[in-house]
Undergrad: 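Attaching a single structure in structure tokens format; questions to follow.
Each chain gets a letter, A, B and so on, in the order its sequence line appears, and its residues count up from 1. Computation of the quantities below employed the complete heavy-atom set of this structure, encompassing side-chain atoms and omitting hydrogens, waters and symmetry-equivalent molecules.
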Number of protein chains: 2
Amino acid sequence: MKNIMLDERTKRVLCAVVESYIEKPEPVGSRYIMKKYGFNVCSATIRNIMSDLEDEGFLFQPHTSAGRVPTDRAYRFYVDCIFQETLKLQSAEIKRFVESLTKKLRKLRNNMNSLFLETTQSLSQATKYLGLALLPETDKTTLHRVDFIKFRDDLVIAVVVNDKGIVKNKIIKAYPEITQQELSNLADFVNSNYQGKAFDEIREDLFLRIKREKIFWDKLIAKILKMCQQALYFSREDLYISGLYNIMHLPDFSDIEKLREIAKTIQDRHLLIKLFENISENDDIKIIIGDENPIEELRSLSIIASPYKERDKSLGVIALVGPKRMDYQRAIMLVNAFAKSLTDTLSE
Amino acid sequence: MKNIMLDERTKRVLCAVVESYIEKPEPVGSRYIMKKYGFNVCSATIRNIMSDLEDEGFLFQPHTSAGRVPTDRAYRFYVDCIFQETLKLQSAEIKRFVESLTKKLRKLRNNMNSLFLETTQSLSQATKYLGLALLPETDKTTLHRVDFIKFRDDLVIAVVVNDKGIVKNKIIKAYPEITQQELSNLADFVNSNYQGKAFDEIREDLFLRIKREKIFWDKLIAKILKMCQQALYFSREDLYISGLYNIMHLPDFSDIEKLREIAKTIQDRHLLIKLFENISENDDIKIIIGDENPIEELRSLSIIASPYKERDKSLGVIALVGPKRMDYQRAIMLVNAFAKSLTDTLSE
DNA sequence: TTTAGCACTCCAAATATTTAAGTGCTAACA
DNA sequence: TGTTAGCACTTAAATATTTGGAGTGCTAAA
């Protein structure tokens, strides 16, 4: 259901209601709107408009004699209204935040973990919402170096460093006879053949080799290559989360039971990672409002997520999770600016 | 201030009040105590005793005509009373928990991260409080293998695996001319000389070598060794935290502002790590009640912490953080049993 | 030292009362 | 036809009032 055509005045009223409610979470009355947002019609007129908006599903009345509260649909309309122009804006305050972040990031350029921790913390700090960042998927990076370390007889620890300097390790089973020397040779082989190559590409190539070996030559070598192939697969699991305590005191979460459920879902990570992985494919800032969220437990929230890139390749996402009645204007500006800052740092 | 001598009956009354308050967070009256805990005296007598206990600082009366509430001192007295015998107890329910945990841990034996994650999650699950675990300090483990990886000109990533299979990495500056081959040689040198040695021992030995080299031979080699020494130092930073959402719905945290502060402090980690490092030196279960906590923000909580060991060497701590009015008996049994289970797994 | 008994205190829950904000509707107006 | 003034009506939230009961402290007697 696409937006019904609303005339200019009606739009203004709707946006005014949303903004007013964002500012203070209380049902908004017609007189208040009229005065505060400088409409030159009397409150009864506004009242009629608001009544229409309610019929269209943009507003909701908690009870007969109360003012009105925006629905998710209203937030969506509001965001669509302000989105384009907001991207162009930049307040002095936000400039300050971004400059400070950029400076810090430059120093952390070489340590991805600190880099993303700092980003999410700053984002949370600046907005008082929850800051998130999804690290680059290993498969989107290239192999810098691998090392295989024999550990306790039948185990091998594979340590992989990618071109972003992110170190990952994986414990895999191996047949006990294999020696550290053989493992080192294997590592040398992989390093000299595959450095700078994408992980999926490497696995693919290994797959072909395995097939060849299996058919024509050495089954053992095929086995080792298989292990190696395994060692180079990493599922995405690095999600940084900062500032959970920041969203606790928002009036929107006065219900502890709800807060608890949210905290549980967020701590779980899996769902969020999946959500952000989709967005990471995307090219633009994505805004998810309330009901639109595929994660049911988070439908009382809104999410603003932006991919960050290296040059033109999207690597991951940074995101902001806050109440539906968040200050979208500010939040969009910040997420946008932070993503740019991160992109710049990574593209240097 | 050590415990004043209380006669047997007074002790029983005090413990009864504490237990009753733990069960239900409401001021406890004299008649209730008399009936529920089977005292063969009339309520007025209990009343007199409770009045005495208030004078001694064990109980507190929210207002004149209310029952009484235990103070931190009362909890301390209660815990001291039940502690010894509690260690010997073991309910069927707890046995179940521990068996299930032990089974899981055995499977995760080779992956320390999962091992500790599972432990804290189970602990939180079983108690509905907050489960924590401090990983073994790198300096308390021995070197299994190290690898130096050249990264971006003047950086080296040191990847260290200790005898617990924990992989750590550290980014250090190095002079740009150093080649990967030289780094590999260095790693070979360290691996063949120091495998199985304690980290502090290695650093100490390197220190001597550096001195020698500097004085007699090659300044460059001294530099490299220095870098190597740096690479082998890790401050403690691995604290697992599970189940924050579990403590949210406890009546003790109905004040969101307080909960927020607690969440913030816990997320901060530093303070907790410091606290647990001290306890890790200790040999026994340590219980910290309210005021006794050196961390001011956590004075509305109690902590039960137990070191876990490998054979007889204490490695780290697992701990439970909950409200002061927690079920100490159950909590102590669980922490104790979980620590044993972890110790067994690690000592196998 | 313990107990019975009683006056007293104070909270908490239930109930009533007031207040204020905001609506919907009608009739008049431009 | 859209807008406005005016007014009756609704409702929640704030405030005040009442009531019940749990629990105490004290006193005098056992």
Undergrad: Rounded to whole Å, please give me the gap between CD1 in Ile46(A) and P in dG2(D).
TA: 16 Å
Undergrad: What integer distance in Å separates His63(A):NE2 from dT11(D):P?
TA: 9 Å
Undergrad: Inspect the surroundings of NE2 in His270(A) and state if more than 12 heavy atoms from other residues, nucleotides or ligands are less than 6.0 Å away.
TA: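 Atom NE2 in His270(A) is not crowded, with 12 or fewer foreign heavy atoms closer than 6.0 Å.
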Undergrad: Reading nucleotides 23-30 of chain D from the 5' end, what letters show protein touch, with B for base, S for backbone sugar-phosphate only, - for no heavy atom under 4.0 Å?
TA: BBBB----
Undergrad: Between Tyr129(B) and Gln125(B), is there a donor-acceptor pair closer than 3.5 Å when you use the side chain of the first and the backbone of the second?
TA: no
Undergrad: To the nearest Å, give me how far apart CD (Glu26(A)) and C1' (dG22(C)) are.
TA: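 Nearest whole value for this atom pair: 13 Å.
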Undergrad: Can you tell me if Thr45(A) touches the phosphate of dT3(D), counting only side-chain N or O atoms and a distance under 4.0 Å to OP1 or OP2?
TA: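 No, because none of the side-chain N or O atoms of Thr45(A) sits under 4.0 Å from OP1 or OP2 of dT3(D).
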Undergrad: Is the ring pair Phe77(A)/Phe58(A) parallel, tilted or perpendicular, if the boundaries are 30 and 60 degrees?
TA: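 Perpendicular, since the angle between the ring planes exceeds 60°.
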Undergrad: Hey, does the side chain of Arg9(B) come within less than 4.0 Å of dT1(C)'s phosphate (OP1/OP2), counting only N and O?
TA: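 No, because none of the side-chain N or O atoms of Arg9(B) sits under 4.0 Å from OP1 or OP2 of dT1(C).
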Undergrad: Rounded at 0.5 Å granularity, tell me how far OH in Tyr21(A) sits from CZ in Arg68(A).
TA: 14.5 Å
Undergrad: Out of curiosity, Phe253(B) CZ to Asp255(B) CG, how far, rounded to the nearest 0.5 Å?
TA: 10.5 Å
Undergrad: Taking the six-membered ring of Tyr245(A), is NZ or CZ of Arg260(B) closer than 6.0 Å to its centre and within 45° of its axis?
TA: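 The answer is no; the distance or angle limit is not met.
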